[in-house]
Amino acid sequence: MNQIPSNIAAIHSQTGTLFVVRPHTSYLDGPAVARWLTKSRGIRHAVFAVDPDFARHPFWRMALNVYGRLVGGHRMIALDASRPFGIRTLIATLKAGGIVVIFPQGTGIRSGPKRPDQSGFQWLMAKTNAHLVHCHIWHNKKWPVVGIPKYVGDAQRLKAKTDAG
């Protein structure tokens, strides 16, 4: 069973938890978040929404699946607007009380951290009523540093910084 931090344990038992991670500017972001969930938060078996180009690529599919299993039993689902299987899996996971990780800015890493969120993230929230946990990634080191802002003011500053650059 997933170990949930005490501050979200009560909510998690009723609905799933959706970790929303920004800004997504490095190919190392997904692996960094997977490791952080397990090592820092004690969370295992999360489902990651992944760009279909990576999720279906023969090498990357194998590499990311092996890494996810080794780091925390995490798995990935290709999130493709033209194929509803991925979004159905995310909805079912959240409704069953599971944990989903999404990068709402989507793909386009080369576009930088100022990209707006894709609309599907808000739709997923409305459809599942999942508990929302905002995470931030700092890219000032070789390996991305993942964290949850401690105060509401920090989250607002982080969002403003991410949106404004």
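Since this is a predicted model, take the numbers as computed values, not measurements. Heads up: numbering here begins at 1 and tracks the sequence.
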Completion exercise
Distance col, row R41:CZ vs T17:OG1, nearest 0.5 angstrom, shows 11.5 Å
Practice task
List the atom of I77, the atom of G86, and the distance in Å for their closest heavy-atom pair.
Solution key: CG2-CA, 3.3 Å
Exercise for the section: Look at the side-chain heavy atoms of Ile, Leu, Val, Met, Phe, Trp and Tyr, link any pair under 4.5 Å apart, and say whether W143 and L70 land in one connected group. Expected result: no
Handout entry: Neighbour count >12 (heavy atoms, 6.0 Å) for atom CZ, R56
Key = yes
Practice task
Could you go through the side-chain contact (heavy atoms from CB on, under 4.5 Å) check for L37 and F19 one step at a time?
Solution key: CA-CA 10 Å; L37 281 174; F19 282 83; 4.0 Å; yes
Practice task
Calculate, to the nearest 0.5 Å, the distance between atoms CZ and CG belonging to R35 and L28 respectively.
Solution key: 12.5 Å
Handout entry: Distance-minimising heavy-atom pair for P52 and A78
Key = CA-CB, 4.1 Å
Problem - Hydrophobic cluster membership, L18 vs I87, 4.5 Å side-chain cutoff - result: yes
Fill in the blank from the handout: Here the gap from I43 atom CD1 to I99 atom CD1, rounded to the nearest 0.5 Å, amounts to 4.0 Å
Problem - Between OG1 on residue T15 and CG on residue N129, distance to nearest 0.5 Å - result: 6.0 Å
Handout entry: Side-chain donor or acceptor of H74 paired with backbone N/O of A34 under 3.5 Å
Key = yes
Practice task
State whether the side chain of W36 and the backbone N or O of V146 hold a donor-acceptor pair below 3.5 Å, judged by distance alone.
Solution key: yes
Handout entry: Side-chain donor or acceptor of D29 paired with backbone N/O of S26 under 3.5 Å
Key = yes
Problem - CZ on F85 to CG on D80, rounded to 0.5 Å - result: 12.0 Å
Problem - Passing candidate, side-chain contact (heavy atoms from CB on, under 4.5 Å) with L124, options L79, V20, L94 - result: L94
Completion exercise
Nearest heavy-atom contact between P104 and R22 is CG-NE, 3.6 Å
Problem - Check: F48 ring centroid to F103 ring centroid under 6.0 Å - result: no
Exercise for the section: Over all heavy atoms of both residues, which pair between W138 and H136 is shortest? Give the atoms and the distance, please. Expected result: CE2-CD2, 3.2 Å
Practice task
Scan side-chain atoms only and decide if H45 and R75 contain a donor-acceptor pair under the 3.5 Å cut-off.
Solution key: no
Practice task
Compare every heavy atom of P31 with every heavy atom of L64, then report the nearest pair and how far apart it is.
Solution key: CD2-CG, 4.5 Å
Exercise for the section: Indicate if I102 and W123 have the same hydrophobic cluster label, given that clusters are the connected sets of ILVMFWY residues with side-chain heavy-atom separations under 4.5 angstrom. Expected result: yes
Exercise for the section: Look at the rings of F54 and W60 and say which category their plane angle falls in: under 30° parallel, 30 to 60° tilted, over 60° perpendicular. Expected result: perpendicular
Fill in the blank from the handout: CE of M76 to OH of Y67, rounded to nearest 0.5 Å, is 13.5 Å
Exercise for the section: Give a yes or no on whether the backbone of R44 and the side-chain of T38 come within a donor-acceptor separation of less than 3.5 Å. Expected result: no
Fill in the blank from the handout: Closest heavy-atom pair, I148 versus H134, reported as atoms and distance to 0.1 Å, is CG2-O, 3.8 Å
Practice task
Flag yes if V145 and V71 sit in one hydrophobic cluster, no otherwise; membership is Ile, Leu, Val, Met, Phe, Trp, Tyr, and two members link when side-chain heavy atoms are under 4.5 Å apart.
Solution key: no
Problem - Between T25 and H139, a side-chain donor and acceptor under 3.5 Å - result: yes
